[in-house]
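Nothing here was measured: the structure is a model prediction, and the numbers come from that model. Every chain is numbered from 1, with letters handed out A, B, ... down the list of sequences.
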There are 2 protein chains.
Amino acid sequence: MSANENSTTSGPTTLVHAMQILQVTARGGHRGASIDDYLNALSFSRPTLYRLLKGLKQQGFLRPSPIRGRYLLGYELLVLGAQAGNGAGLRDLARPRLLALAQRWGDSFYLFARDGVNAVCLEVQNGAYPVGSFVRATGGRLPLGVGQASIALLAYLGADERNEILSHNAERLIDEYAIAIADIDAEIAHQLKHGYARGVEGSLLPEYSGLAIPILDHSGHPLGAMSCSMLKSRMTEDHKREVLQGMQEEVAAMVNQAHGLLYLD
Amino acid sequence: MSANENSTTSGPTTLVHAMQILQVTARGGHRGASIDDYLNALSFSRPTLYRLLKGLKQQGFLRPSPIRGRYLLGYELLVLGAQAGNGAGLRDLARPRLLALAQRWGDSFYLFARDGVNAVCLEVQNGAYPVGSFVRATGGRLPLGVGQASIALLAYLGADERNEILSHNAERLIDEYAIAIADIDAEIAHQLKHGYARGVEGSLLPEYSGLAIPILDHSGHPLGAMSCSMLKSRMTEDHKREVLQGMQEEVAAMVNQAHGLLYLD
DNA sequence: CGAGTTCATCTCACTAAATGAGACATAGCC
DNA sequence: GGCTATGTCTCATTTAGTGAGATGAACTCG
C-alpha cells in the first residue's frame, strides 16, 4: 500500500469507478457507451461493472439506451446539473436579463463562472443573429484564457492564482486555440483599464468578436462573467457602446438583487 | 420535508450515500448544505461523511460554498447534465428550432422527455411575452399528467404502461396540481384524435394555456414532446393554428434530421 | 487577543461489504 | 435453432470503507 495517496485519484474507489463510468458514458455523446467501451476503458471486472451500472441506473445517473447493451447518462444528472449551474443563485438572476439583452440587440449572451482552471458556461441566450462560439450550450467548458469571459474572470483573481492557472493552461491554449499567454496578459490589462474584456484573438473563430464584463461581489472577487458574441461585422463602435452599456446595467441590477438574496441566512 | 425513505435503493452503499449527499445538497438550493444538514439527514458517521464529501469534491460533484462549512453542487454535474439532456441528440436538434419559434411567435417553447413517471424539461426557449409555467428551466421535472407535454408523451405509450404511470401519480396529481385522472384521459383522447395536446386544467396557473405535440420515432414510440405556453388571452383560434403549424413543421424537420443521425452506427 | 465553536483530518482496529473468477441465464440476430 | 453478446448468480477472499474519539485548523465573538 503506497503511503503516497496523492492528488490523482483518491477517495472511495466505488466513487472513482462510478465517476469513470459516467465519464466514459459522456464521452460516447448521445450514443452512450457499450459494455465493451467500459470494459476496455476501465480496470475492474465485469460483475463489478454490472453492479455499478445497476446502482447508477437506480440512482438515475444512467439509463438504458434504446439500443440494447448501451447506456446513456440519466436525467437525474440533468436535474442536479440544473441546480449546480445556479451557484449563488446567479443563473436564475441572469436568465431573464440575458434573454432581454438577446432580444433587444440580437446578439448572443452568456453567463460564465470559474471552475478551477476552466470557465464553465452557466447559461446561454442566443439572439436573432447567428453566431459561432466556443461553447455551444450550458455546460460547455473552456480553459481559462479562451474567450472574453475568461479574461473578465482572470482579471480579478490574485496575480499568483492567475499565473498558476495560465501556466497550467498554457500548453492547451497555444496548441488547441493558438492563444499566447502574453496576449492574454495584454487583454487582462485592457479589462482592468477599461472595465470590459474583448477576448484574445486566436486563429479559431476569426469572424466573431465578443465582449465581456465581470460580475463582482462586494469584495471585488469575481462571481462570474457576462459575455456576448457577435459577427465581427456587427461590432461597430456604436453597437459596442450600446451593448456594453446594456450589459453593465443588467449586471449592476443583478448584483443588487444578489446582495439582497445572498445574506439572508 | 417528505419522509421519502428510499425503500429499495440497493446497490453499492457508497453510491447510495453519495447520492444522498448530492440530494441533500440539491435540496439546499443555491445555499447548498451544511455539515449539520448532512449529519441529521443521513445515517452514517461524521468521518465517513467527510470522506465522501472529499471524494465528491475531487470528482467535481461538489464544491465548497463561499460560506465555510457549506457545500454546493459541483460543475461536473452541470457538464454531465448537459450531456444527459441530449439523449438521442434531440436537444441539439431542438434548440435552434425552439429559438426560431420563440422569436417568431413570442411565446415560450419547451422540449420534454419522459423520465420514468415524470416528464423532464430538456430545453426551454422563452419568447418576448411573459409566461408562467410549471417548469422554470432545463432540468425541471413534473409528474406525467401535468402540463400539455405530459399528455403528448402519455398518449403514445401502451395503455398498460400509461395506466401504471397514472395510477402511480394519481395522488400527487390531485393533491399538488388538482388534476383528476379522468380529465387526463379525456385530453389524451383529444391528443390522439387531433394530433396535439392542450394540457389539463388544474387550479394552478389558470391564466396560462399551452399546446404540445409529440416527437415520435419511426415505430410510433415517443422520443419527446415539444410544447409551448402562453397567456390564455393570446390563444386565439388563429394564433393557435399558426403556432401549431409552426411546431409541427419544426418537429417534422427534426425527426427527419434525427433519422439521418440515429442510425449511423 | 485569547476562549470558544465548528469544520476538517488523522489513527487504528474491525468487519461489513465490494471484488473477481467463472458458471449460468436471457435476449436478440441470422 | 444455433450463435453471440448482454446481464445475473454464487461463493470464497480480502480489500476497502467504517465508527469512535482524539487532534488539528479556521473562523467568531466577546
If you count every heavy atom of other residues, nucleotides or ligands that lies below 6.0 Å from B:Glu161 atom CD, does the total exceed 12? yes
For A:Glu164, is the CD atom crowded, meaning more than 12 foreign heavy atoms sit under 6.0 Å from it? no
Just compare D:dA16, D:dT6, D:dG19 and give me whichever is closest to any side-chain atom of B:Phe44. D:dG19
Ignoring the backbone of B:Arg46, work out which of D:dG17, C:dA8, D:dG19 is nearest its side chain. C:dA8
Check: D:dG7 base within 3.5 Å donor-acceptor of A:Arg51 side chain: no
Quickly work out the [X] [atom1] to [N] [atom2] distance and round it to whole Å.
X       : N      : atom1 : atom2 : result
A:Leu53 : C:dA18 : CG    : P     : 15 Å
B:Ile21 : D:dG17 : CD1   : P     : 14 Å
A:Lys54 : C:dA18 : NZ    : P     : 13 Å
A:Arg70 : D:dA5  : CZ    : P     : 14 Å
B:Asn40 : C:dC7  : CG    : P     : 12 Å
A:Asp36 : D:dT4  : CG    : P     : 15 Å
B:Leu52 : C:dA18 : CG    : C1'   : 15 Å
B:Ile35 : C:dA8  : CD1   : C1'   : 8 Å

Give a yes/no answer on whether the side chain of [X] brings an N or O atom under 4.0 Å of OP1 or OP2 in [N].
X       : N      : answer
B:Thr48 : D:dG19 : yes
B:Tyr50 : D:dG19 : no
B:Thr14 : C:dA17 : no
A:His17 : C:dT19 : yes

Side-chain touch B:Tyr38/B:Leu53, heavy atoms, less than 4.5 angstrom: yes
Could A:Arg63 and B:Asp115 be called an ion pair, given the rule that one side-chain N must be under 4.0 Å from one carboxylate O? no
Looking across every strand, which nucleic acid part, if any, lies under 4.0 Å from A:Tyr38 by heavy atom: base, sugar-phosphate, or nothing? nothing
Verify whether one side chain among B:Gln59 and A:Gln23 offers a donor that lies under 3.5 Å from an acceptor in the other. no
Heavy-atom nearest nucleotide on DNA chain D for A:Pro47 versus A:Arg68: which residue maps closer to 5'? A:Arg68
